[in-house]
Undergrad: 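Quick one: structure below, then a few questions.
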Amino acid sequence: MTLLVQRSDVGEFRRRYRWLITVMMLSFLVLAGKLVQLQLIEGDVHRTQALRNVIGEIRLATTRGVIRDAHGQVLAANRPSYNVYVVPEQLEMERGWPRALKLMRLDPGTAVQFDERIKKLRAEDSNKKRQQILLAVDVDRDVVAALKTNEADLRGVQVAPAPVRYYPYGSLGAHLVGTMREIDAETLAEVDGLGYRAGDRMGAIGVERRWESYLRGQRGWKKFVRWRKNQHSEEREQRYLEEPREVEPIPGRDISLTVDIELTRAIERAMRGQLAGAVVVLDVRTGRLLAALSKPSFDPNVVSGGEGKQAVVDAFRRLYADPLKPTLDKTISAAYPPGSTYKPFTALAGLAERLITPKTEVDCRGGYEFGKRYHRCTGVHKKVDLYDAIVQSCNTYFYSLGESIHIDRLAQIGLDFGFGVKTGIGVNPEARGRMPTRAWYTRHHKGSFRGGFTLLSAIGQGASTVTVMQLGLAYAALANGGTLYQPQVVRSIETSDGTVVQDFPPRVRRIIEMDPERLHLIKRALKGVVVERQGTAHGQRIAGVDIAGKTGTAQVSHVTPKGVDPDKVWYFNRDHAWFSAYAPADAPEIAIVVLVEHGGGGGTNAVPIAMRVVRDWQALKAERLVARTAARDRDAQGSTL
Amino acid sequence: MLGGRLTFRERFDWPLFLGVVLVAIIGVVNLYSATSPYIGAEGRSGLADVYVSQVYWLVVGGLLAVLVAAVDYRNFERVAYILYAGGIVSLLLVWVLAPDIRGSSRWIQLGSFTFQPSEFMKLLLVMAVARYLADDPKTEPRTLFDLAPVLLLTALPVGLVMAQPDFGTSMTFLLTVIAMLSITRIRKASVVWATLSVGGGGALWFNFLAKDYQKDRIYSFIDPEADVTGTGWHALQSKTAIGNGGLWGEGFREGTQNQFGFLPDQHSDFPFSVFAEDWGFIGSTLLLALYCFLCVWAVHVASQAKDRFGAEVAVGIGSLFFLHSIFNIGMALGLLPVVGITLPLFSYGGSSLVTTLIGFGLLMNVSMRR
């Protein structure tokens, strides 16, 4: 039997067999060549791809750090919440899937939508149907329970925990503590490399935003082998997975604030009669923020997505339409004319320049003529010296001083006390405020400066604006003898088990050089505002509240804000009511600034709020002292026993 | 009926027999590996048992092959046209009886099982064309006019199968006949004309008659990465599987691309990818060598045939086997577009397997009666 020997009767085919065999062998050679390419040359590439197909990665959620107040009360924590995912390929379309839809208690429209989406995905021959698809966010607890109990029948339906941020105190201090938001595509691109993923939440405002990198923690991950429909196989894991197979999540850092939430609550109570405004309470010895409230506020739980995406959209639509600007942090992010609360600083400048002495007297007849204008005073104060002028808030006295002092000197003392520059609190966008100089007026007032501007600056009107926080820090500096602090919100950062990682000591911005005697005069006058019969705060004092401060009634430029009902315009044209103070009057511990937006006269509207807050602060202090002493006694007893 | 000079043992074509048996056994074992991911899988666990029915079909096909080998092939020559006519009728019956499976009608239901007439038609076409060429022992080169009957014999089933629509199978009809003609003497001008008209016909088909899914397959072959979730995804996953096999392979039933369900239609369209992933370059090359041997051996049988019919039948069967192998493996390797052409002795499917075995039975017949 020899290959390819021809017979005569099939002679026509002779020689062509050879050709046929060549074609066949060449074809197989081409196939073998391709095998060489795929298996030997590109083998590693394909192997990597095949491994990628086989290895799944589960992300292990981390927990965001808790935010507490100065006394350990939880201001922001995490609430358990559950999301439902499905893996289309694993679903049992006849029984399990319809049952899952039913158990989830969706409205029929949504259910049909989901159903169609899943069926479409299943029909496609793509990798997508093997992956988890997010079906529902923050589902009801009953639904979670129902899905979990029926887990065995619901292949491909997965319930996964996805904690939601929870703010136990709701709107109380919401601007400061902050809110969360879902990360959008734009931000995601910006924070590339920090491990954020679509659907993650991040701090949107307040401490949540400023301390995001500390609070968020670090996600962990775990690799697994998708072996035979979720069967676990240690041997295969050994074979396909590289070390490390798992990285534990690192929980976020906890943050303790300097803020006292009970004091914030006291402010909220005291502010109840007013529509809008802001209050800060600061420790004059450290610059720590003890309480801050901006009114009106909002519910951070809703804004942070605790009630679903639609609720967030609705909430923001409502908040942004509100002319009272609930989203604005009025303690930090907005500047207002300080009005008469600025007079102590004008007085200090006048004394320092020796333009006045404590004994200088001015005869107030209810106004002051300057140039062609007549500047009105708050009343007819007769002969007043500096003490009286502050106690009774006499404008005439300060107009007179304003005529002789240079406006830049007034601006300078403002800058010394921290006005016109950012305080560096680091939370929320800060308004700078404005201490107008001659140069500023020349630039902004059609190129001409008029002496009248100085008169207005002297009583805290005109172009001067300050933030509530700046005013609080300046009064704290008055109270503590001239130390201007950088305000602090965060006291310490801790790990989740309570170990302090970082502590923040007070930070002094500047020691303001002042003659102690002059300062003493001012402080005496500030006390007089409350205790003297003619004092502007006298009428609203509360027995037992030891406080010194200065009232202010800041005129508002009469402009109709956009989108305001004409019937309500009167409200927006009313003066801002101020009271800046510190307590106790002779040995100050706290500074407090109350601003009631469009509240009218400072004496009648802002003072009572400050009085009540300080009263509550005194009560809280006493209460805590008793509790601490009791605890110490208990410990002492315990150790002797 | 066997020629007197040699005994049965001497006449029996052992290389052919052993080659086929070896490939068939490897095929069944590979089929077990290919469908093993379905073991215990809800809903599709039936697929895990197809290797058992494949064994049944092997037995059925083997018996039929023995029958076919036992009867002198010259008897088949006599009834070739009648068989061909029967085949055409069964192709027409598809239109009346066939259930629509995945957008094409290819199967006929007979009692509890279905069969695919186009599979058997391949052999019937080979015999009919062989009969015509055997009856026409021209010595001078043939013209297109001489070949007109052959072209007609071919065009009929090609058209019918194309209409099912089954592009892959109709192409094998055409190419098989071309292979059979290639060993005859044809005028050069005729070859040129034929080539041009087939090319033109192809272009016309693509522009006016081709279904969208067929066009998609061709497009995705040209640029597989363009549509990784659609048709190109199959080809890509198959290449990944083969590449993942590397030199030595992942091991029997250890190929992850198959075991994790990334290979689509692994038991019908991509059994070679499963094999290549399990057994690596070494195994795949040996398998290619076996397939190559069977193809070449068929041509060798043709060269030994005692008459023109036997030679043409052997070439036709060899070409069928060769084309199926090359198309299927080429498709798995990403060299050719994804057309649903089975890998003989490897792909699951009764009709395909039985046809292949009957074909080898005929080949044995020719080989034993040289």
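For the numbers below, each heavy atom of this structure counts, side chains included, while hydrogens, waters and symmetry mates do not. Residue numbers start from 1 in every chain, and the chains themselves are labelled A, B, ... in the order their sequence lines are given, proteins ahead of strands.
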Undergrad: Under a 4.5 Å cut-off applied to non-hydrogen side-chain atoms, are Asn53(A) and Thr256(B) in contact?
TA: no
Undergrad: For residues Glu250(B) and Arg47(A), report the shortest heavy-atom separation together with the two atoms involved.
TA: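 Closest pair (atom of Glu250(B), atom of Arg47(A), distance): OE2-NH1, 2.8 Å.
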Undergrad: Taking atom CD of Gln218(A) as the centre, does the number of heavy atoms from other residues, nucleotides or ligands within less than 6.0 Å exceed 12?
TA: no
Undergrad: Select one option (side chain, backbone, both, neither) describing which atoms of Phe321(B) are under 4.5 Å from chain A's heavy atoms.
TA: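 Contact with chain A is absent: no heavy atom of Phe321(B) under 4.5 Å.
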Undergrad: To the nearest 0.5 Å, how far apart are OG in Ser303(B) and CD1 in Ile21(A)?
TA: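 That separation rounds to 7.0 Å.
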Undergrad: Using only atom types and a distance under 3.5 Å, with no angle test, would you say the side chain of Gln39(A) pairs donor to acceptor with the backbone of Ile242(B)?
TA: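 Present.
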Undergrad: Measuring heavy-atom distances to chain B, does Leu20(A) have an atom under 4.5 Å in its side chain, in its backbone, in both, or in neither?
TA: side chain
Undergrad: How long is the gap from CZ on Phe28(A) to CG on Leu290(B), to the nearest 0.5 Å?
TA: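 With rounding to 0.5 Å, CZ (Phe28(A)) is 10.0 Å from CG (Leu290(B)).
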Undergrad: Picking from Met25(A), Lys34(A), Gln37(A), which has the most non-hydrogen pairs under 4.5 angstrom with chain B?
TA: Lys34(A)
Undergrad: Has Arg187(B) got more than 12 heavy atoms of other residues, nucleotides or ligands less than 6.0 Å from its CZ?
TA: no
Undergrad: Taking the side chain from Gln49(A) and the backbone from Leu236(B), do they hold a donor-acceptor pair closer than 3.5 Å?
TA: no
Undergrad: What are the two closest heavy atoms between Leu31(A) and Leu333(B), and how far apart are they?
TA: O-CD1, 3.6 Å
Undergrad: If you measure from CG on Leu323(B) to OG on Ser27(A), what distance do you get to the nearest 0.5 Å?
TA: 9.0 Å
Undergrad: Quick one: what part of Leu40(A) sits under 4.5 Å from any heavy atom of chain B, side chain, backbone, both or neither?
TA: side chain
Undergrad: Is chain B contacted by the side chain of Val45(A), its backbone, both, or neither, given a heavy-atom distance below 4.5 Å?
TA: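 Nothing of Val45(A), per the 4.5 Å heavy-atom cut-off to chain B.
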Undergrad: Is there side-chain contact between His46(A) and Gln257(B), with at least one heavy-atom pair below 4.5 Å?
TA: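 His46(A) vs Gln257(B): side chains apart.
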Undergrad: So do the side chains of Tyr17(A) and Val315(B) get within less than 4.5 Å of each other, counting heavy atoms only?
TA: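 Counting from C-beta outward, Tyr17(A) and Val315(B) do come under 4.5 Å.
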Undergrad: Identify which of Gly43(A), Ala50(A), Ala32(A) forms the greatest number of heavy-atom pairs closer than 4.5 Å to chain B.
TA: Ala50(A)
Undergrad: Quick check for you: to the nearest 0.5 Å, what is the distance between Leu38(A) atom CG and Asn244(B) atom CG?
TA: 11.5 Å
Undergrad: Between Ala276(B) and chain A, with a heavy-atom cut-off of 4.5 Å, which part of the residue counts as in contact: side chain, backbone, both or neither?
TA: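 Both backbone and side chain of Ala276(B) come within 4.5 Å of chain A.
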Undergrad: Could you look at Phe281(B) and say if it's the side chain, the backbone, both or neither that has a heavy atom under 4.5 Å from chain A?
TA: both
Undergrad: Are there over 12 heavy-atom neighbours, none belonging to Trp248(B), within less than 6.0 Å of that residue's CH2?
TA: no
